[in-house]
*Asks:* 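One structure is given below, represented as structure tokens, and several questions about it will come after.
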Number of protein chains: 4
Amino acid sequence: MAKINRKDLRRKQIIEAAIDVFGNGNFHEASITEIARKANISEGTIYFYFKNKEDLFFAIPAQKIEEFCEELEFQLEGIQDAFNKLKKYTWFYLFHFKTNPAYARSLMLEMHVNKNFYNSKTSVQSKRATDKALEIIRQGQEEGLFRKDIDEEVIQALLLGMLEYRVTKWVLKDQAYDLLENYGDICEVIFNGIKSSENI
Amino acid sequence: MAKINRKDLRRKQIIEAAIDVFGNGNFHEASITEIARKANISEGTIYFYFKNKEDLFFAIPAQKIEEFCEELEFQLEGIQDAFNKLKKYTWFYLFHFKTNPAYARSLMLEMHVNKNFYNSKTSVQSKRATDKALEIIRQGQEEGLFRKDIDEEVIQALLLGMLEYRVTKWVLKDQAYDLLENYGDICEVIFNGIKSSENI
Amino acid sequence: MAKINRKDLRRKQIIEAAIDVFGNGNFHEASITEIARKANISEGTIYFYFKNKEDLFFAIPAQKIEEFCEELEFQLEGIQDAFNKLKKYTWFYLFHFKTNPAYARSLMLEMHVNKNFYNSKTSVQSKRATDKALEIIRQGQEEGLFRKDIDEEVIQALLLGMLEYRVTKWVLKDQAYDLLENYGDICEVIFNGIKSSENI
Amino acid sequence: MAKINRKDLRRKQIIEAAIDVFGNGNFHEASITEIARKANISEGTIYFYFKNKEDLFFAIPAQKIEEFCEELEFQLEGIQDAFNKLKKYTWFYLFHFKTNPAYARSLMLEMHVNKNFYNSKTSVQSKRATDKALEIIRQGQEEGLFRKDIDEEVIQALLLGMLEYRVTKWVLKDQAYDLLENYGDICEVIFNGIKSSENI
DNA sequence: AATGAATGAGCCTTCATTCAT
DNA sequence: GATGAATGAAGGCTCATTCAT
């Protein structure tokens with residue numbers, strides 16, 4: 001058992017270094033040599049734990065998404081209505097990337113935009129996170145809280161599109177401001193739209 | 001003048017080939033050799049018209065965005081209220097990428113996500129397109145059509161985030177469906193949000 | 001003694017795996033890892049029994065040639081004249097490789113052609129087999145059965161050259177036919193040459 | 001036309017360096033870097049003229065065999081009977097390798113023994129040389145000079161097997177003696193076999 | 001005796017860029 | 001203006017070998 005932990009530890013050690021390096025440029029700019037140096041191991045060792053560069057690359061979200069989903073479940077516990085669940089989802093989504101900026105760069109600037117990733121096994125895992133949003137949206141529709149006349153995928157796109165957009169701009173601007181600063185407005189506009197209520 | 005036109009023609013000829021090649025993979029996968037072959041010129045010639053590979057890469061949106069803005073102005077002509085302007089903006093945004101899929105791939109999967117692009121001169125041009133959305137939003141707020149209690153940048157993120165999200169997923173799915181098919185729902189949800197009106 | 005036997009057993013177990021793996025490609029394509037896997041031991045253990053990869057490689061013929069010579073002596077027992085001895089040699093040579101195809105590949109395509117092998121201790125052992133042919137040739141010359149006007153090494157080259165040539169083509173053609181099918185013709189032509197007897 | 005010659009010259013320049021380097025070790029031991037250095041060009045240039053390392057490797061016999069066949073035709077001109085043709089073939093075969101020792105090493109120790117070579121296009125070319133021997137053998141059989149009761153392929157194996165064997169041993173012994181020194185004996189034994197004529 | 005994780009040197013190959021023609 | 005041969009740096013990856021356990 002001690003041995004298993006050691007191997008797992010090495011893997012995480014390599015992934016952690018990879019997040020750093022991949023986060024500092026794109027897939028092609030990142031070099032195995034640099035990852036090895038940052039992880040304080042030899043290049044060969046990386047290939048003992050990962051099949052190739054892409055395998056290591058996709059191992060990053062594979063692990064991070066699992067962490068995200070686990071903590072998300074924890075955060076949602078005790079909340080029952082879809083309104084508050086979705087607000088919590090929104091908050092935790094932003095919080096998660098705020099506290100993992102290097103990973104945010106990798107995910108937003110590289111993976112979400114990588115065709116191979118989209119067809120990889122990891123991407124299936126990644127659906128767990130977006131499916132959770134869909135699940136809450138459906139619950140809201142059934143509870144009569146969210147509109148039923150709109151395709152649920154459009155609603156999902158509204159939510160996730162906005163969130164990804166904001167995280168992406170944030171990393172492109174070098175995380176120069178607080179990602180959570182407009183959290184209130186974001187929820188407001190998602191639920192009530194941009195139209196002035198004076199017009200009702 | 002004849003000479004200038006000829007130079008411009010060559011440039012466009014190269015850019016057109018570049019859109020094709022860059023659209024078929026990412027920046028690093030695209031090769032100058034292939035672009036040259038597709039444009040029926042030699043590699044050396046490319047370096048007569050463009051400083052380097054990145055310069056050529058960024059010349060693509062520089063030209064396309066100009067086209068977009070020009071046609072957008074034309075499409076908006078005669079429309080006066082912010083509501084219908086924003087709907088038109090939404091429609092034309094989706095239409096533009098629907099009819100330029102290779103460019104859509106390049107822009108969404110590469111440029112929007114490229115730090116150098118973000119700091120490049122071209123990116124300033126690219127702001128013309130997003131600023132136009134902001135302008136309409138502001139007009140709407142002043143007209144009392146759009147809410148003033150929400151930061152205009154959040155509203156912009158709602159709109160553009162969703163649009164980018166949908167275009168991105170569309171190219172990742174190989175343009176397998178009609179990008180405009182949910183246009184109605186998209187407008188609805190932007191203006192009125194996702195909350196059921198039964199709850200008011 | 002039990003211990004010595006155990007060591008020998010391990011050695012043979014490794015050599016047997018090595019014959020398989022080396023026979024499936026060339027020296028450089030064969031990997032220690034694969035040999036270890038096939039022998040059901042770890043890579044480290046191989047280095048307990050053999051100094052390095054080449055040492056293991058050359059241990060293959062060292063063992064196989066010993067087997068060849070032992071059985072050859074047995075096959076020659078009771079045969080007295082050089083004619084029949086040489087025919088038997090020819091037959092057993094072909095039979096031996098027919099029944100050891102993986103080893104045939106290694107020996108013909110790799111060792112016979114390897115400078116280090118030629119200068120190795122194993123190669124000296126390998127001379128035992130070719131010397132046996134020379135011995136029979138000399139006996140034949142003394143008995144007046146074989147011509148004396150021809151350098152014995154040329155005769156040896158005629159015999160072994162042809163045999164190696166046929167075994168080599170056979171393994172290059174993936175052992176697709178019976179190596180012994182032309183045994184009769186082979187003997188005939190060695191003894192009587194290619195000239196038509198009509199011309200005498 | 002000047003340009004074409006220049007390209008051909010470069011190719012030959014690279015091939016000449018490759019013969020040297022490949023002749024000094026095996027395929028895997030030879031390095032592109034060294035070939036480039038010996039040819040006084042950069043590594044990249046090699047890849048402009050050859051697809052990859054193996055392509056360059058096989059280009060060696062592709063050229064040398066052509067040279068061999070051309071000169072062979074020239075040497076055979078004016079000789080009419082199969083006897084003397086075969087003797088000339090034998091002589092020229094040995095002469096050719098005597099005067100191209102580095103190539104002899106490459107061909108005998110590497111290519112003749114390389115499965116990929118055997119399946120390559122070059123190998124088809126290489127059949128031109130061995131087919132010429134077969135052609136002479138058939139002519140001899142028809143003229144009643146060579147025996148018809150022996151499979152022609154066995155006769156070919158007798159001839160080529162012996163020749164390859166002698167060239168191979170010669171290069172393995174570092175060309176320490178004259179490859180042609182036993183030429184007379186070699187012809188004798190091929191035509192008349194090893195059996196003493198006293199026995200007829 | 002045995003393991004197998006770790007090493008690290010070394011090699012093929014790609015490709016943006018240059019420059020003589 | 002245009003060509004395309006030549007460059008050379010850089011990087012992913014393999015694998016024989018070692019050594020702590």
Side-chain angles (χ1 to χ4, degrees), chain A residues 2-3 6-7 10-11 14 27-37 39-56, chain B residues 3 6-7 10 27-37 39-57, chain C residues 3 6-7 10 27-37 39-57, chain D residues 2-3 6-7 10-11 14 27-37 39-56:
Chain A
K3 278 187 181 180
R6 201 173 179 185
K7 264 187 114 166
R10 262 280 196 275
R11 262 188 76 92
I14 296 170
F27 181 78
H28 281 91
E29 281 160 20
S31 91
I32 293 288
T33 308
E34 204 186 337
I35 294 172
R37 196 168 43 235
N40 273 324
I41 52 163
S42 75
E43 290 170 47
T45 302
I46 289 178
Y47 288 86
F48 186 79
Y49 289 91
F50 301 93
K51 220 174 68 221
N52 52 33
K53 193 182 175 184
E54 201 179 55
D55 188 37
L56 167 57
Chain B
K3 279 189 181 179
R6 200 173 167 193
K7 252 187 127 169
R10 264 278 200 273
F27 181 77
H28 280 91
E29 280 161 21
S31 89
I32 293 288
T33 306
E34 204 186 337
I35 293 171
R37 196 169 43 234
N40 275 325
I41 53 163
S42 74
E43 286 131 303
T45 305
I46 289 179
Y47 285 85
F48 184 80
Y49 290 94
F50 300 93
K51 217 175 71 218
N52 53 32
K53 192 182 175 185
E54 201 178 55
D55 187 36
L56 167 57
F57 188 48
Chain C
K3 277 190 180 179
R6 200 174 166 195
K7 252 186 127 167
R10 263 279 201 271
F27 181 77
H28 279 91
E29 279 160 23
S31 89
I32 293 288
T33 306
E34 204 185 338
I35 293 172
R37 195 168 44 234
N40 274 323
I41 52 164
S42 74
E43 288 131 304
T45 305
I46 289 179
Y47 285 84
F48 184 79
Y49 290 94
F50 300 93
K51 218 175 70 218
N52 53 33
K53 192 183 176 185
E54 202 178 54
D55 188 37
L56 168 57
F57 188 47
Chain D
K3 278 189 180 179
R6 201 174 177 187
K7 263 187 115 167
R10 262 279 197 274
R11 262 187 76 91
I14 296 171
F27 181 78
H28 280 92
E29 279 159 22
S31 92
I32 292 288
T33 308
E34 204 185 338
I35 293 172
R37 195 168 44 233
N40 273 325
I41 52 162
S42 75
E43 291 169 48
T45 303
I46 290 179
Y47 288 85
F48 186 78
Y49 289 92
F50 301 93
K51 221 176 65 220
N52 54 32
K53 192 183 177 185
E54 201 178 55
D55 188 36
L56 168 57

*Asks:* Indicate whether OP1 or OP2 belonging to E:dA5 is found under 4.0 Å from a side-chain N or O atom of A:Lys7.
*Replies:*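 Yes, A:Lys7 has a side-chain N/O under 4.0 Å of OP1/OP2 on E:dA5.
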
*Asks:* Given that C:Lys51 and A:Phe27 both sit by DNA chain F, which one's nearest nucleotide is further toward the 5' end?
*Replies:* A:Phe27

*Asks:* Start at the 5' end of DNA chain E and walk down; is the nucleotide closest to D:Glu29 or to B:Glu29 reached first?
*Replies:*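 By nearest-heavy-atom nucleotide position, the 5'-most residue is D:Glu29.
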
*Asks:* Just how far is it from atom OH of C:Tyr47 to atom NZ of C:Lys53, taken to the nearest 0.5 Å?
*Replies:*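 Separation between the atoms: 8.0 Å.
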
*Asks:* How would you label the contact of C:Ser31 with the nucleic acid (heavy atoms, under 4.0 Å): base, sugar-phosphate, or nothing?
*Replies:*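 The answer is sugar-phosphate, as C:Ser31 gets under 4.0 Å only of primed atoms, P, OP1 or OP2.
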
*Asks:* How close or far is atom P of F:dT14 from atom CD1 of A:Ile32, stated in whole angstroms?
*Replies:*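 Rounded to whole Å, this separation is 11 Å.
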
*Asks:* Return the CG to CD1 distance between A:Asp55 and A:Ile46, rounded to the nearest 0.5 Å.
*Replies:*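 Separation between the atoms: 11.5 Å.
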
*Asks:* For A:Tyr49 and A:Ile14, which heavy atoms make the closest approach, and how far apart are they?
*Replies:*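 Closest approach of A:Tyr49 to A:Ile14: CD1-CD1, 3.9 Å.
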
*Asks:* For F:dG1, does OP1 or OP2 lie under 4.0 Å from any side-chain N or O of B:Arg6?
*Replies:*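 Answer no for this pair, as no side-chain N or O of B:Arg6 is under 4.0 Å from OP1 or OP2.
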
*Asks:* On DNA chain E, compare the nucleotides closest to C:Thr45 and B:Gly44; which residue's is nearer the 5' end?
*Replies:* C:Thr45

*Asks:* Please report the distance, rounded to the nearest Å, between NE2 in D:His28 and C1' in F:dA16.
*Replies:*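 Rounded to the whole Å, the gap is 14 Å.
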
*Asks:* Between atom OH in C:Tyr47 and atom P in E:dA1, what is the gap in whole Å?
*Replies:* 20 Å

*Asks:* Do C:Arg10 and C:Lys7 come close enough that some side-chain heavy atom pair is under 4.5 Å?
*Replies:*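 No; the side chains remain at least 4.5 Å from each other.
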
*Asks:* So does B:Ser42 get a side-chain nitrogen or oxygen closer than 4.0 Å to the phosphate oxygens (OP1/OP2) of F:dG4?
*Replies:*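 Answer no for this pair, as no side-chain N or O of B:Ser42 is under 4.0 Å from OP1 or OP2.
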
*Asks:* To the nearest 0.5 Å, what is the distance between CD (C:Glu43) and CD1 (C:Ile32)?
*Replies:* 8.0 Å

*Asks:* What's the shortest heavy-atom distance between D:His28 and C:Glu29, and which atoms?
*Replies:* CE1-OE2, 4.3 Å

*Asks:* Rounding to an integer number of Å, can you tell me how far C:Ile41 CD1 sits from E:dG4 P?
*Replies:*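 Distance, rounded to whole Å: 11 Å.
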
*Asks:* Under 4.0 Å from OP1 or OP2 of F:dA2: is there any side-chain N or O of B:Tyr49 that close?
*Replies:* yes

*Asks:* Which whole-number value in Å describes the distance from A:Phe48 CZ to F:dT18 C1'?
*Replies:* 14 Å

*Asks:* For the P atoms, the ones on E:dA1 and on F:dT21, what distance do you get once it is rounded to whole angstrom?
*Replies:*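 Rounded to whole Å, the distance is 22 Å.
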
*Asks:* Could you state the CZ-C1' distance from A:Phe50 to F:dT14, rounded to the nearest angstrom?
*Replies:*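 Interatomic distance, CZ of A:Phe50 to C1' of F:dT14: 18 Å.
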
*Asks:* Any donor-acceptor pair, under 3.5 Å, between the side chain of D:Glu43 and the base of E:dC12, if you only look at N and O atoms?
*Replies:*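 There is none.
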
*Asks:* Rounded to whole angstroms, how far apart are CZ on B:Phe57 and C1' on E:dA16?
*Replies:* 15 Å

*Asks:* Identify, with sequence neighbours excluded, every residue that meets ring-ring contact (aromatic ring centres under 6.0 Å, His included) alongside A:Phe27.
*Replies:*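 With neighbours one apart ignored, the set is A:Phe22, A:Phe57.
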
*Asks:* Return the 5'-most residue of the pair D:Arg10, A:Asn52 with respect to DNA chain F, ranking by each residue's nearest nucleotide.
*Replies:* D:Arg10

*Asks:* Starting at atom CD of D:Glu34, determine the distance to atom P of E:dC12, rounded to an integer number of angstrom.
*Replies:*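 Atom-to-atom, D:Glu34 to E:dC12, this comes out as 10 Å.
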
*Asks:* Using a 4.0 Å heavy-atom cut-off, does B:Ala36 contact any base of the nucleic acid, only the sugar-phosphate backbone, or nothing at all?
*Replies:* nothing

*Asks:* Working to the nearest 0.5 Å, report the span between OG1 of B:Thr45 and CD1 of B:Ile41.
*Replies:* 5.0 Å

*Asks:* Can you tell me which stems DNA chain E forms, taking runs of 3 or more consecutive Watson-Crick or G-U pairs with both distances under 3.5 Å?
*Replies:*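 Looking at DNA chain E, the stems formed by three or more consecutive pairs are E:2-21 with F:2-21.
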
